[in-house]
Student: 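I am attaching a structure below and will ask some questions about it afterwards.
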Amino acid sequence: MKHLLLIVCFLMHTLLIAQTTIAGKVTDTKGNPIEGANIYLEGTYDGTSSNAKGDFSFTTSETGKQTLVVSFISFETCIKTGDVSTFTNMKIVLREDVTTLDAVTINAGTFEAGDNAKVTALKPLDVVTTASALGDFVGALQTLPGTSSVSEDGRLFVRGGEADETQIFIDGIRVFTPYSPSARNIPTRGRFSPFLFKGITFSTGGYSAEYGQALSSVLLLNTNDEAIKEKTDISLMTVGLGVGNTQVFGKNSLSVNASYINLAPYQKLFPDRNTWNKPVQSLNGEAVYRCRFKNESLLKLYGAYSYTDFDMIQDDINYKDGFRFGLKNRNLYFNGSYKQHLANNWTVSGGVSFTNDNSKMNILDDKVVDNENSAHVKATLKKRFSNRFKLNFGAEYFITDFSEDYRSETNGNTTYGFDNNIFGSFIEADIFFSKKLATKVGVRMENSELLDEFTISPRASIAYKPGENAQFSFAYGRFYQNPKNEYLKFNMQFKAENTSHFIANYQYVKNKQILRIEGYYKKYQDLVKYDTDRALPYSNFSNLGEGYSKGIDIFWRDNKNVKNTDYWVSYSFLDTERDYKNYPVKATPNFASKHNLSVVAKHWIADWKSQVGMSYNFASGRSYTNPNKGGFLNQKTKSYNSVSLNWAYLISQQKILYFSVNNVLGTQNVFGYNYKNTPNPAGTFNRQAIIPSADSFFFVGFFWTISDNKKDNQLNNL
């Protein structure tokens, strides 16, 4: 019996000697104890949790070099490697995880839309369910603050900048001709279907160093990474028809869409001041191929072709028989992108785009043929050193070959053109000091072969989150852009136009509610000036232009307080003046409105299986020159007002009937005046109001999705 007791005691003593006690305390960076932290030895079942005081203790039979892991939600995981015998009286300090949803975001001047956005001000679905947008992503963005209502044009005018100062990118690759061609005072539309995109980032200023050649704004469109089901889409509309099909095979998918638009019925039902020799008609087709490889790398190829044809005579006070304008345009666009995650947290991505745009125009008795071939090649590398430090750098090359053949019965034939090649590179770092403080710092460098000019553009943003729901952001940046094609084709002795942006932002987000208030100041330098009525071959050009733009933007969106209702309100105050083009003095440009207001509301009526929507747009009067009074841009038009309504009726889960009416009240909006070149017998100049041809528009569409999943909700696909 004594021998047995001795053996048991010996075994227990040996076992106790083999056990090692691991102990310590877990706190945050302020010294506050963290209760419930998970502590364990990697690859074993040995571990415990910290108590209310942050203390922990457990024993292990492991010996030698081991890895201790300490983790807790909303904090970065702490990893300690060493001899297990040294894991005593440990002081573990956990830092806040800066990647959580409630962490600070760099957002000065930026609106994001998409499932991956931490704060979504505008959803991709809003593009096709906003009454005034008529399915155009540009129309939906015009309900956000910072944009101006220029309804006779249709493009994006941002914070006192011209439409050419906003550049559009698809998957990070430049789109050189993003809008469909049009005529004077007839609004254009974006070329691309909103169904292509999973997310939109709209930067009204202070954007990343990764993007250049834009003085005011960049619009980033990110396409869907994959198609999850096979389907066929059919659409019948008052202005045309469309059909699309998606096939999925393994990790590959192919989507093909085609549409035909003819405005003859609309132009007959709603006549305007134009005489249409040939109504607007267009044929569009696009194809998207996506492939995800075994290493999870992703290849996306996108191609689109569009053809537009029309011929018209516009009523014009200075032309007895009207102003004839005819256009035949064909546009071919290709975009390819590739992305792959490498070892050690490296990511490589890149892409290429190519555009061929050919326009044949009849302008009065003259014939003009414009041909542009453009390409963009880009490669980027990203390295995530930790959750707190990320580096992004890359290089790109822009190529533009433009030519114009001008045939005049009075002046003969003339050819213009230029080659504009630009090399750009950038490096940018994201630094997160904590969940409450982060910064983005970068620099962009460009060399223009045509202008023989090298530019350096510093960019910086900082964001601070004082509380759970509020955030302050600040941004600064310098931005360069080569002069327009309409100038470069006549003269190449320019410098790049440039601006400096200063932005201060406040954002409050809570329970499906967003409030944004943003102030900004932009300083323009080296703008193009000339001494004729418009840019001509014999104009004297210079870079002596300059200007400023400043204002306040306010955005409020609420999807909580009113049942089944989502609405947002945008307001912008704009103060801007420029001395550029042929301006004799510094003045507010005729496209800029001091006050812009948009109100958008959508309400779901379950009993009717319908969503009804309303949009109201207001803009204060815009400047114009009245030759009957002294001065330049000396008067303003009346204010712009437009109310639009839409109704989406769900016939079944896969069929929907859609109605939309723009400017339902038929408000006669005026955007300026054309004056007679010569005075009347009384010595004054007669005038004619500039009224856009499509300010009021009625649209009816039937959409049908055929897929294997009969429960698909077509309202979400619309």
Side-chain angles (χ1 to χ4, degrees), residues 110-117 120 122-124 127 137-138 140-141 156 166-179 190-203 207-214 217-228 246 251-257 286-293 295-306 331-342 346-356 374-382 390 392-399 424-426 428 444:
T110 300
F111 289 90
E112 287 195 271
D115 295 335
N116 295 325
T120 298
L122 193 72
K123 304 172 185 176
V127 174
F137 62 85
V138 175
L141 293 173
L156 279 172
T166 295
Q167 300 298 343
I168 298 177
F169 297 80
I170 293 181
D171 292 328
I173 310 299
R174 171 85 174 272
V175 182
F176 290 89
T177 54
Y179 299 101
R191 290 185 184 272
F192 307 105
S193 166
F195 302 115
L196 286 172
F197 308 114
K198 66 176 180 179
I200 299 172
T201 300
F202 179 41
S203 294
Y207 51 88
S208 165
E210 182 175 349
Y211 303 99
Q213 288 299 301
S217 169
V218 296
L219 174 60
L220 312 178
L221 305 173
N222 300 312
T223 60
N224 296 307
D225 290 341
E226 57 186 345
I228 59 176
T246 296
K251 291 190 174 183
N252 301 267
S253 66
L254 177 65
S255 299
V256 180
N257 299 285
E286 59 187 3
V288 185
Y289 171 74
R290 309 175 185 90
C291 178
R292 189 176 291 278
F293 299 94
N295 59 2
E296 292 304 310
S297 59
L298 180 64
L299 172 68
K300 293 190 283 189
L301 302 175
Y302 171 75
Y305 175 82
S306 64
N331 182 275
L332 176 66
Y333 177 72
F334 170 80
N335 179 302
S337 63
Y338 178 80
K339 184 176 182 179
Q340 181 179 352
H341 297 286
L342 306 176
W346 282 93
T347 301
V348 60
S349 62
V352 59
S353 71
F354 171 77
T355 300
N356 171 254
S374 304
H376 179 203
V377 181
K378 179 179 180 180
T380 64
L381 280 170
K382 296 181 181 180
K390 303 172 186 178
N392 181 27
F393 58 95
E396 58 190 349
Y397 198 63
F398 299 94
I399 303 170
S425 61
F426 67 93
E428 194 166 54
R444 180 178 180 85

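Because only heavy atoms are used, hydrogens play no part in the values below, and waters and symmetry mates are left out as well, while side chains stay in. Nothing fancy with the numbering, it's 1 onward along the sequence.
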Student: For Val175 and Thr355: C-alpha separation, side-chain torsions, deciding distance, then whether side-chain contact (heavy atoms from CB on, under 4.5 Å) applies.
Tutor: CA-CA 8 Å; Val175 182; Thr355 300; 5.7 Å; no
Student: Does some side-chain heavy atom of Phe192 sit less than 4.5 Å from a side-chain heavy atom of Ile168?
Tutor: no
Student: Heavy-atom distance under 4.5 Å between the side chains of Tyr179 and Leu156, does that happen here?
Tutor: yes
Student: I need the Arg290 CZ to Leu299 CG distance, nearest 0.5 Å.
Tutor: 11.5 Å
Student: Under a plain distance cut-off of 3.5 Å, with no hydrogens placed, do Asn331 and Tyr333 share a side-chain donor-acceptor pair?
Tutor: no
Student: Heavy-atom distance under 4.5 Å between the side chains of Ser337 and Lys378, does that happen here?
Tutor: no
Student: Please round to the nearest 0.5 Å and tell me the distance separating atom CD1 of Ile173 and atom CG of Leu221.
Tutor: 12.5 Å
Student: Spell out, as yes or no, whether a donor-acceptor pair under 3.5 Å connects the side chain of Asn335 to the backbone of Ile170.
Tutor: yes
Student: Please test Leu254 against Asn252 for side-chain contact (heavy atoms from CB on, under 4.5 Å), starting from the C-alpha separation and ending with a verdict.
Tutor: CA-CA 7 Å; Leu254 177 65; Asn252 301 267; over 6 Å; no
Student: Let me confirm one number: the SG-OH distance from Cys291 to Tyr338, rounded to the nearest 0.5 Å.
Tutor: 9.5 Å
Student: Checking Glu210 against Thr380: is there a side-chain donor and acceptor pair closer than 3.5 Å?
Tutor: no
Student: Minimum heavy-atom separation for Leu301 to Gly336, with atom names?
Tutor: CD2-CA, 4.0 Å
Student: Please confirm whether the backbone N or O of Ser203 pairs with a side-chain atom of Ser217, one donor and one acceptor, at under 3.5 Å?
Tutor: yes
Student: Between CG of Leu381 and OG of Ser349, what distance do you get to the nearest 0.5 Å?
Tutor: 7.5 Å
Student: In chain order, what residues pass the side-chain hydrogen bond (donor to acceptor under 3.5 Å, both in side chains) check against Thr223, with sequence neighbours excluded?
Tutor: Asp171, Lys300
Student: At their closest point, which heavy atom of Ser353 faces which heavy atom of Phe176, and how far apart are they?
Tutor: OG-CE1, 4.1 Å
Student: Taking only residues two or more places apart in sequence or in another chain, which ones pass side-chain hydrogen bond (donor to acceptor under 3.5 Å, both in side chains) with Arg174?
Tutor: Gln167
Student: Can you tell me how far apart CD1 (Ile200) and CG (Asn222) are? Round to the nearest 0.5 Å.
Tutor: 9.0 Å
Student: I need the minimum non-hydrogen distance between Thr347 and His341, along with the two atoms involved.
Tutor: OG1-ND1, 3.0 Å
Student: Minimum heavy-atom separation for Ala209 and Glu428, please, with both atom names.
Tutor: N-OE2, 3.0 Å
Student: Any side-chain heavy atom of Lys251 within less than 4.5 Å of one from Glu296?
Tutor: yes
Student: Could you list all the salt bridge (Lys or Arg N to Asp or Glu O under 4.0 Å) pairs where at least one residue sits in residues 331-341, not counting sequence neighbours?
Tutor: none
Student: Would you compute the distance between atom CG of Asn392 and atom CZ of Phe426 and round it to the nearest 0.5 angstrom?
Tutor: 4.5 Å
Student: Checking the side chain of Arg444 only, and the main-chain atoms of Gly424 only, is there a donor and an acceptor separated by less than 3.5 Å?
Tutor: no
Student: Mind telling me whether Phe169 and His376 have parallel, tilted or perpendicular rings, with 30° and 60° as the class edges?
Tutor: perpendicular
